[in-house]
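FYI, side chains are in, hydrogens and waters are out, and symmetry mates aren't considered; it's all heavy atoms of this structure. Since this is a predicted model, take the numbers as computed values, not measurements.
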Amino acid sequence: MKTCLTYLLLLIWSQIWGQNQAVKLNSEDDQIGFYDYLLNNPLDLNRCSQEELNQIHFLSSEQINSFLSYREKYGQLIHIFELQVIEHWDIGTCRNISQFVFISSKASKDIRISNSLFLLRFEETLEKAIGFEKNGKASSYQGNRLKEFIKFKNTSNPRIKFGFLSQKDAGEKNPLDFYSLFVEINP
């Protein structure tokens with residue numbers, strides 16, 4: 001009887017302990033999910049509110065208040081390095097928060113080309129393929145031996161991203177034989 005009672009108490013204790021661990025894991029999952037969201041949708045430090053900053057758990061209320069008073073006193077931030085001069089902000093906090101935030105300029109509604117990728121790739125094989133020899137055959141290729149690849153991607157605005165891709169294979173005449181456009185709008 002004592003062993004049954006011991007096993008029963010052990011089972012009840014393990015259930016209670018397991019539930020407390022689940023609550024702790026759920027809150028950690030929520031924090032990880034929030035930080036993952038911030039990585040994909042960073043906060044604009046020139047427009048964020050106190051409530052949004054309170055959700056970043058490693059910021060103290062003292063740091064948040066000093067940041068908001070600094071922004072009120074001096075206006076919009078110009079660069080992320082400006083965080084280092086704010087009272088109660090150390091270099092570790094600045095490094096930790098830098099991946100979750102960005103600084104918008106006053107003209108942030110304009111399309112900027114500052115964070116853009118522009119790639120041109122040209123390729124030509126040294127060996128001459130049979131299709132490029134024009135011996136009066138109708139099966140010869142129409143275009144030159146040059147392969148062309150053009151890619152443009154603009155990510156300067158975290159809410160609107162757009163790009164263009166074009167590719168021409170060797171022997172094709174039209175440089176826009178294959179092309180693709182994309183626009184990504186995040187709320």
Side-chain angles (χ1 to χ4, degrees), residues 12-122 148-167 179-187:
I12 291 172
W13 179 79
S14 67
Q15 289 293 324
I16 292 171
W17 182 78
Q19 289 176 358
N20 289 341
Q21 291 296 322
V23 170
K24 184 179 178 184
L25 288 177
N26 286 339
S27 66
E28 288 174 358
D29 287 344
D30 291 343
Q31 287 178 3
I32 291 171
F34 176 71
Y35 289 132
D36 186 44
Y37 174 78
L38 278 181
L39 282 173
N40 296 323
N41 305 301
L43 282 177
D44 181 5
L45 285 180
N46 285 332
R47 292 182 174 81
C48 65
S49 65
Q50 183 173 3
E51 291 79 26
E52 291 173 324
L53 290 173
N54 282 332
Q55 292 178 343
I56 301 175
H57 297 291
F58 58 83
L59 290 179
S60 67
S61 60
E62 196 174 60
Q63 289 172 325
I64 294 171
N65 291 334
S66 62
F67 169 75
L68 292 173
S69 64
Y70 178 86
R71 189 174 68 180
E72 185 178 316
K73 183 177 181 181
Y74 296 107
Q76 291 189 346
L77 280 75
I78 298 171
H79 200 275
I80 194 84
F81 293 145
E82 202 172 343
L83 293 174
Q84 297 176 16
V85 298
I86 299 175
E87 189 178 1
H88 305 295
W89 283 66
D90 57 348
I91 192 71
T93 305
C94 295
R95 283 185 186 147
N96 287 340
I97 201 170
S98 66
Q99 56 192 344
F100 303 118
V101 297
F102 73 101
I103 307 292
S104 68
S105 64
K106 291 180 183 177
S108 66
K109 294 181 181 176
D110 298 337
I111 295 175
R112 298 172 287 163
I113 305 182
S114 61
N115 290 347
S116 297
L117 167 74
F118 190 70
L119 175 69
L120 290 173
R121 185 185 318 157
F122 298 100
E148 301 171 10
F149 179 81
I150 301 169
K151 181 178 183 179
F152 174 75
K153 183 177 180 183
N154 185 322
T155 59
S156 59
N157 187 342
R159 297 176 195 262
I160 300 173
K161 300 174 185 178
F162 59 92
F164 171 78
L165 176 78
S166 171
Q167 183 175 357
Y179 62 92
S180 175
L181 303 166
F182 80 90
V183 176
E184 178 183 340
I185 302 172
N186 294 317

Using modelled atom types and a 3.5 Å cut-off, is there a donor and acceptor pairing between side-chain atoms of [X] and backbone atoms of [Y]?
X      : Y      : result
Asn46  : Leu77  : yes
Ser166 : Ile150 : no
Trp89  : Cys94  : no

Find the distance between [atom1] ([X]) and [atom2] ([Y]) and round it off to the nearest 0.5 Å.
X      : Y      : atom1 : atom2 : result
Ser66  : Lys73  : OG    : NZ    : 12.5 Å
Asp90  : Arg95  : CG    : CZ    : 9.5 Å
Leu45  : Leu53  : CG    : CG    : 7.0 Å
Ser69  : Ile64  : OG    : CD1   : 12.0 Å
Leu59  : His88  : CG    : NE2   : 13.0 Å
Lys153 : Phe182 : NZ    : CZ    : 5.5 Å

Trace of the side chain to side chain contact (heavy atoms under 4.5 Å, CB included) decision for Phe102 with Asp44 = CA-CA 5 Å; Phe102 73 101; Asp44 181 5; 3.6 Å; yes
Does atom [atom1] of [X] have more than 12 heavy-atom neighbours from other groups under 6.0 Å away?
X      : atom1 : value
Glu62  : CD    : no
Tyr74  : OH    : no
Glu184 : CD    : yes
Ile78  : CD1   : no

Evaluate the side-chain proximity of [Y] to [X]: yes if any heavy-atom separation is below 4.5 Å, no if none is.
X      : Y      : result
Phe67  : Leu83  : yes
Ile86  : Gln63  : no
Tyr70  : Glu87  : no
Arg71  : Cys48  : yes
Leu43  : Phe100 : no
Ser104 : Arg47  : yes

Asn96: partners by side chain to side chain contact (heavy atoms under 4.5 Å, CB included), with sequence neighbours left out = Phe58
